[in-house]
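Comments concern the structure below.
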Amino acid sequence: MWGEDLTQLLGLKIDKVDMPQALSRIEGFLAGGQEECCQVVTLNAEIFYQAQHDPALQDVINRADLVTADGNGILWAGRQLGVDLPERVTGIDLMLALCRQAPSNGWRIFLLGGAPGVAREAAECLSKDFPGIEICGQEHGFFLKEEGGPDRVLDQLQKAGPDLLFVAMGAPLQEFWIKEHQAELKAKVAIGVGGSLDVISGKVRRAPDIWQHLRLEWLWRSLSDIRRLGRLVKLLKFTLLIKKAKKK
Ligand code: UDP
């Protein structure tokens with residue numbers, strides 16, 4: 001079932017791609033004229049752990065068109081279980097790399113997610129950083145509970161018909177939402193990018209380079225936001241899960 005470029009870790013599919021390969025796969029989706037929107041999942045350790053206990057999430061991941069290893073936790077898990085994954089391909093790095101290439105390729109972009117105002121600010125920052133980029137729409141990510149919100153956003157997306165849709169509503173909500181609406185999205189590619197719009201808009205700071213270099217971005221994120229401390233428990237459970245699987 002798993003080809004050369006594809007592997008699995010504890011039942012979850014992961015594509016063995018580095019950043020250039022991930023970009024070229026997405027370029028293929030954008031050029032390919034598929035009937036349905038292609039779904040890209042950037043899989044981090046927390047979602048990996050959650051999927052072990054959630055068959056519906058496991059199914060979404062395994063049916064995605066591309067799954068990248070988002071974070072050193074997944075690379076470490078691969079090493080423990082004898083799977084060589086080339087490098088981490090995070091949601092934000094993938095998003096920025098695609099935005100960099102968008103102007104010359106004419107890719108139109110829709111930003112969905114974050115608190116009200118964040119997507120607009122992120123759009124302004126992207127326009128400054130990547131002159132010529134076409135942001136064909138943006139919308140905050142708290143529309144699900146608004147009366148008429150889900151239909152309004154789908155309608156907006158259908159009218160905009162973007163090439164790339166970045167959904168920044170946090171995992172796994174964004175993955176489930178993309179899967180549920182895949183057939184009606186009228187985007188060529190949809191990628192869940194978590195808190196990326198917060199970072200791009202400057203609302204949240206990304207871990208300084210030294211923390212990233214030391215492979216401690218996950219720790220920096222947890223320590224810099226008290227609400228994320230609980231996530232450390234999930235990461236610990238992820239570590240124990242992998243250690244246990246290694247012993248088998
Ligand atoms: N968010 C959203 N809609 C929701 C819940 C959350 O748009 O219903 C946004 C939230 O404002 C934040 C992002 O989703 O910008 C989640 O960021 P986080 O860093 O927690 O996501 P992760 O990268 O861990 O998936």
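Along the sequence shown, residues are numbered consecutively beginning with 1.
Side-chain contact between Leu66 and Val41 is absent, with no heavy atoms from C-beta onward closer than 4.5 Å. Between Ile200 and Asp129, the closest side-chain pair of non-hydrogen atoms is not below 4.5 Å. Proximity of Gln138 to Ile135: side-chain heavy atoms (C-beta onward) are separated by under 4.5 Å at one or more points. Contact annotation: the side chain of Arg205 approaches that of Trp220 to within less than 4.5 Å [non-hydrogen atoms, C-beta and beyond]. Between Gln34 and Phe29 there is a side-chain heavy-atom pair separated by less than 4.5 Å.
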Taking it one step at a time, do Asp84 and Lys16 satisfy salt bridge (charged side-chain N to carboxylate O under 4.0 Å, His left out)? CA-CA 8 Å; Asp84 193 24; Lys16 289 178 164 180; over 6 Å; no

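With hydrogens and angles disregarded, no donor-acceptor distance shorter than 3.5 Å links the side chain of Gln8 to the backbone of Ile14. Between the Gln52 side chain and the Tyr49 main chain, no donor and acceptor come within less than 3.5 Å of each other. In this structure, the side chain of Arg25 engages the main chain of Asp65 through a donor-acceptor pair within 3.5 Å. Side chain of Gln182 to backbone of Cys37: a donor-acceptor contact under 3.5 angstrom is found. With hydrogens and angles ignored, the 3.5 Å screen pairs no side-chain donor or acceptor of Asp18 with any backbone N or O of Pro86. Between the Asn105 side chain and the Trp107 main chain, no donor and acceptor come within less than 3.5 Å of each other. Formation of a donor-acceptor pair under 3.5 Å by the Asp198 side chain with backbone atoms of Lys203 is not found in this model. Between the side chain of Asn62 and the main chain of Gly11, a donor-acceptor pair closer than 3.5 Å is present. No donor-acceptor pair closer than 3.5 Å links the side chain of Gln58 to the backbone N or O of Asp54.
The CD1 atom of Ile61 lies 10.5 Å from the NZ atom of Lys13; values are rounded to the nearest 0.5 Å. Remark: Ile133 CD1 to Cys125 SG distance equals 11.5 Å, nearest 0.5 Å. Summarising the geometry, atom SG belonging to Cys99 is positioned 7.0 Å from atom CG belonging to Leu111; distances are rounded to the nearest 0.5 Å. In this structure, CD on Gln156 lies 10.0 Å from SG on Cys136, to the nearest 0.5 angstrom. One distance of note links CZ of Arg120 with OG of Ser201; it measures 12.5 Å at 0.5 Å rounding. With values rounded to the nearest 0.5 angstrom, Thr42 atom OG1 is found 7.5 Å from Leu94 atom CG.
In the hydrophobic cluster analysis, where Ile, Leu, Val, Met, Phe, Trp and Tyr join through side-chain heavy atoms closer than 4.5 angstrom, Phe238 is grouped together with Leu43. Residues Leu112 and Leu126 do not share a hydrophobic cluster, clusters being chains of Ile/Leu/Val/Met/Phe/Trp/Tyr side chains in contact below 4.5 Å. The hydrophobic clustering, which links ILVMFWY residues whose side-chain heavy atoms are closer than 4.5 Å, places Val67 and Val83 together. The hydrophobic clustering, which links ILVMFWY residues whose side-chain heavy atoms are closer than 4.5 Å, places Ile191 and Met19 together. Leu197 and Leu157 are assigned to two separate hydrophobic clusters, defined by single-linkage of ILVMFWY side chains at heavy-atom distances under 4.5 Å.
For the residue pair Gln50/Lys234, the side-chain donor-acceptor check at 3.5 Å is satisfied. In this model, no donor atom of one side chain and acceptor atom of the other lie less than 3.5 Å apart for Lys186 and Gln158.
Aromatic rings of Phe166 and Phe110 (six-membered ring for Trp) have centroids beyond the 6.0 Å cut-off, not under it.
Of all heavy-atom pairs between Ala102 and Ile109, the closest is CB-CD1, 3.8 Å. Annotation for Leu57 and Pro172: closest pair CD1-CB, 3.6 Å, computed over non-hydrogen atoms. The two atoms that bring Trp76 and Lys243 nearest to each other are CZ2-CE, 3.8 Å, heavy atoms only. Considering all non-hydrogen atoms of both residues, Ala51 and Leu12 come closest at CB-CD1, 3.8 Å. Shown here for Ile178 and Gly192, the closest heavy-atom pair between the two residues is CD1-N, 3.9 Å. Contact between Ile74 and Ala69 at its shortest, heavy atoms only, is CG2-CB, 3.7 Å.
With respect to the salt-bridge test (charged N to carboxylate O, under 4.0 angstrom), the residues Arg221 and Asp225 do not qualify. A salt bridge does not link Arg108 with Asp163: every distance from a Lys NZ or Arg NE/NH1/NH2 to an Asp or Glu carboxylate oxygen is 4.0 Å or more.
Sparse packing is recorded around CZ of Arg215, with 12 or fewer heavy atoms of other residues, nucleotides or ligands lying under 6.0 Å away. With a 6.0 Å radius and a threshold of 12 heavy atoms from other residues, nucleotides or ligands, His53 has its NE2 atom above the threshold.
Under the side-chain contact (heavy atoms from CB on, under 4.5 Å) criterion, Leu229 pairs with Leu223, Ile226, Leu232, not counting sequence neighbours. Qualifying side-chain contact (heavy atoms from CB on, under 4.5 Å) partners for Arg206, counting only residues two or more places apart in sequence or in other chains: Arg88, Thr90, Ile92, Asp93, Val199, Gln212, Glu217.
Residue pairs that meet the ring pair (Phe, Tyr, Trp, His ring centres under 6.0 Å) test with at least one member in residues 120-157, sequence neighbours left out, are Phe143-Trp177.
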